[in-house]
Amino acid sequence: MTERPIDHSEGITQFRSVFGADPTHVAHAPGRINLIGEHIDYCGGLVMPMTIKQETRGYYRFTGRSEVRVFSGRFNQLNVINPLDVMSLASGVWGDYVRGLLRIGTHRQLGRGFDLWLTSDLSSGGLSSSASLLALLALVNHHGLSDQIVDDSNASFRLTLALLCQQVENNFVGVPSGVMDPVSILMGGLIKLDCQTLKFERLRSIPETHCLVVMDTGVPRTLAASGYAERVAEIEQIEALNPAIANRQPLAQWDAQTADLVLENLDDRTLKARARHIFTEQTRVEKSALALADRDLVQLGHLMNESHRSLSEDYQVSCDALDHITQISRDSGYALGARMTGAGFGGCAIALVPKVDADRHNAAVEEAYQLHSRLKPALLVAEPGGSAHIVAI
Ligand code: GLA
């Protein structure tokens, strides 16, 4: 199938109307879904994210001035940041990502400013719109500072940029997120990533006969920030109770024997359930990679269902809407497996479905979900995406 070329005319026109000149480059940063390996990246676990076609896109040009001007098409808002401004604190708005990146990405050189017009079709929660924005900014900022465009083959530098993006979220925006999203977006494709060593392996995509359907519940992820930070703190608590082991390995990497012992000795029921999720999810990722290699999609679907159950019951990061939409998807009889994807507390789930049944599956889910919640879910077949990159216009 030949790819349709992207139409840039709307972006260029919008850029011109805001900044009064033409952009010279366009930066693309995809969103991602996560096949399996949820909430274990921040304790050194294995994850299997895949980038998708939906993306953040930014048209830009360097201005020779020092200030950075960024217009968000989504918020219809212009942010003007001068190099000194980047020293101020985060204030809970989208511009924080820009200031945080410029600050942590050491944007101190005068005359390296740029104008950037942003658009995105990543409105749904759970597809990593914030890491996508950060990855895009990191590439553009690096281009401005070094006059170099980072190419696809420069994996080690891309990993460095991913760590920088994570630092912005952790240390400036104030979300203790793991490293999965920026690595996925900067590397592209379907990968198995070890979040302790940052070693990753490119995986064969799911067979042509099947697809992954993204199911947006339409429920905003209101508790995502606080609930997420709470889970990270609980994991730190479990590690702190076992300092000798934790000093050697992060929780997700503890071997089966240690894991059994720790579970047996944990008195706190909540912490026990949290630890159980981490240990079992790590095993499920290993099994999923094997299932995918063996083209055993029934097994992969089963592991996805188990992952969702664990996230819902043990880790408690699901919600009614996510539990419901995944259950409807399974009950439709078409899906091999379904689970929430991303941080949870609302947002999106994914389902593994034979392509021939995708329309029937989607119609059944839409109808039953709407009856239950009065919300219309947005369903789309996820097309695999590439990595974040820049193209001259
Ligand atoms: C968010 C975070 C990631 C990861 C997922 C849950 O997307 O940004 O680091 O923890 O939640 O797997």
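First listed ligand is number 1; within each ligand, the first listed atom is number 1.
Judged purely by atom type and a 3.5 angstrom limit, R32 has no side-chain atom pairing as donor or acceptor with the backbone of G189. Remark: side-chain polar atoms of N305 are paired, donor with acceptor, to backbone N or O of A338 under 3.5 angstrom.
None of D22, D115, T119 except one satisfies the side chain to side chain contact (heavy atoms under 4.5 Å, CB included) rule with F15; the exception is D115.
Checked by atom type, the side-chain pair T63/R69 shows no donor-acceptor distance below 3.5 Å.
Evaluation of the side-chain hydrogen bond (donor to acceptor under 3.5 Å, both in side chains) rule for R360 yields D357 as partners, not counting sequence neighbours.
Closer than 4.0 angstrom to ligand 1 lie heavy atoms from R32, E38, H39, D41, Y42, S177, G178, M180, D181, Y228, G342, A343.
Atom CD of E286 has more than 12 neighbouring heavy atoms from other residues, nucleotides or ligands inside a 6.0 Å radius.
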